[in-house]
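All of these numbers come straight from a predicted model, not from anything done at the bench. Chain letters run A, B, ... following the sequence lines, proteins first and then strands; every chain starts at 1.
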Protein chains: 2
Amino acid sequence: MTKSNTSRSTLHQTILADLERKIVSGEWPPGHKLPFEVELARSYEVSRMTVNKVMTQLTKAGLIERRKRSGTFVAKPRGQSAILEITDVEAEVRALNLPYSYKLMSSVIRKANRHDAALLEVPGTTDILEIRALHMAHGEPFCLEERLINLGTVPEAAHAPFADGPAGAWLVQRVPWSAAEHKIFAITATADIARLLEIAARVACLLIQRRTWSTAGPVTFVRFTYPGEKHAIVASFTPAAG
Amino acid sequence: MTKSNTSRSTLHQTILADLERKIVSGEWPPGHKLPFEVELARSYEVSRMTVNKVMTQLTKAGLIERRKRSGTFVAKPRGQSAILEITDVEAEVRALNLPYSYKLMSSVIRKANRHDAALLEVPGTTDILEIRALHMAHGEPFCLEERLINLGTVPEAAHAPFADGPAGAWLVQRVPWSAAEHKIFAITATADIARLLEIAARVACLLIQRRTWSTAGPVTFVRFTYPGEKHAIVASFTPAAG
DNA sequence: CAGTGGTCTAGACCACGAG
DNA sequence: TCGTGGTCTAGACCACTGG
């Protein structure tokens, strides 16, 4: 049997896009069991190897987890992998073998002002949730988190228990992101930041800004401020990480 | 014909490793023409599809370039891709549409001291080349570069024309890296750095440390210092960039 | 032990682009 | 034009692992 390429892209690209959409949109929530390779092959009317190619890519991307004999499942959205792990503050602290705690400082729902609108790329009429919180390691300030959440995309965040734990973890569990962007700066601590982080004024700080989108639109804008010099972002690379 | 897995890894992993070694070691220098898929398939005694899988991975990794009808060639080592581009300072400056210039400040060959040895992971007896240079945008200091080059791995660097242009570009053209590591810090500018970068003392700066290895061993350790707040590192991600 | 994913094959068609 | 890479297939074997 031969193939004539009806659409513009290849078969496995089409299938990849379709499965990716189902996962990222939440139609297949985390933990959902995917059809077996043979069944997918039948339903898409392709050979099993084409399906396997797609599944391999999804696995590499971390969207699915595969276990022999039991099948393939939508991965719990770690939401971040590799480099992106730099903003899972709790994991960072625990990796240092320090006790972690979290302190919510403020949580306000309001209309987006012009500044928010620019950061989140939303219209000014949107409701947003603004959070300010402190990540603590061994009882001492480790990182300041300032976050905007787009309630237009994630309305249920309005009633989430953000006093109990980091908003990042909550979001990542229910809003699969489809794109993210990091910006990393060095800043001089303002008096405000210095007080919160319990450091001297005008000390250098590492500022990580992260914006996240789902297919439904902008999700969150967050700014992590780390006391400088004590903290580093590390990333390792190999040319062919095959 | 069937296969019995003799070694521990898979066929395409074995072939991938072999080709990668040939390329990275310089046995197949940039521009070298690889055998056709069918020939590789014959010489490795595998099917063409297995070879194709490997070639696809090498292409994604940027190690080779493929052109229909003409064949497959070892890629000119851009040496850095994606995130790693953050240390191609010249490209950064030009991307800002500013005229770029480069000023070599010092270049010294000496034995590695204890400090160098720790940074480069070399024994204390190794000869190293220490370079200090300034990247300028529109005639103003843009970034300070402090670099150690392991002459044990790259002896020809001792006579390279580093007064003419950045050492990074020179290295990347002849020493394919097989691994790299970045660390990113925020630091407070010392008086020395402030003077060189023509900024006020105690301003926050973004410090990017990069270590690079080839299969022959450690190649270079480099520290880029950017005036803070003016500079940002940006990285964008999609979960399945397949 | 049986079913699943992981891998590989031999062959095929097609689009592209250098000659 | 026609050789090359890009893609796909139908079928096969195997290792692993959960029932």
Applying ring pair (Phe, Tyr, Trp, His ring centres under 6.0 Å), run through B/Tyr102 and B/His135 and close with a yes or a no. CA-CA 5 Å; B/Tyr102 172 84; B/His135 300 265; 5.5 Å; yes

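The distance between atom NZ of B/Lys60 and atom P of D/dG6, rounded to the nearest whole Å, is 12 Å. The nearest whole Å value for the distance from the CE atom in A/Met55 to the C1' atom in C/dT4 is 11 Å. The separation between A/Lys33 atom NZ and C/dT4 atom P is 7 Å, rounded to whole Å. Protein atom OH of B/Tyr44 is 14 Å distant from nucleotide atom P of C/dT9, rounded to whole Å. Atom CG in A/Leu34 sits about 9 Å away from atom P in C/dG5, given to the nearest Å. Between the P atom of C/dG6 and the NZ atom of B/Lys53 lies a distance of 10 Å, rounded to the nearest Å. Note: CD (B/Glu45) to P (C/dA10) measures 11 Å, nearest angstrom. Here the P atom of nucleotide D/dG5 and the CZ atom of B/Arg48 are 7 Å apart, to the nearest Å.
A donor-acceptor pair is defined here as one N or O able to donate and one able to accept, closer than 3.5 Å; no such pair exists between the side chain of B/Arg147 and the backbone of B/Ala167. Between the A/Thr59 side chain and the A/Met55 main chain, a donor and an acceptor come within less than 3.5 Å of each other.
Crowding of B/His138 atom NE2: a count of heavy atoms from other residues, nucleotides or ligands under 6.0 Å not exceeding 12.
A sub-4.0 Å separation between OP1 or OP2 of C/dG6 and a side-chain N or O of B/Thr10 is absent. One finds no side-chain N or O of A/Thr56 lying less than 4.0 angstrom from the OP1 or OP2 phosphate oxygen of C/dG6.
The distance from the CD1 atom of B/Ile149 to the OG1 atom of B/Thr220 is 5.0 Å, given to the nearest 0.5 Å.
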Please write out each protein N/O paired with an N/O of nucleotides 2-4 of chain D under 3.5 Å, distance rounded to 0.1 Å.
from	atom 1	to	atom 2	distance (Å)
D/dC2	O2	B/Arg69	NH1	3.0
D/dG3	O4'	B/Arg69	NH1	2.9

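Under the 3.5 Å distance criterion, with hydrogens and angles disregarded, a donor-acceptor pair is assigned to the side chains of B/Arg66 and B/Thr72.
By the 30° and 60° cut-offs, the orientation of the rings of A/Tyr226 relative to A/Phe142 is perpendicular.
Between A/Pro35 and B/Thr50, the residue anchored closer to the 5' end of DNA chain C is A/Pro35, taking for each the nucleotide with the nearest heavy atom.
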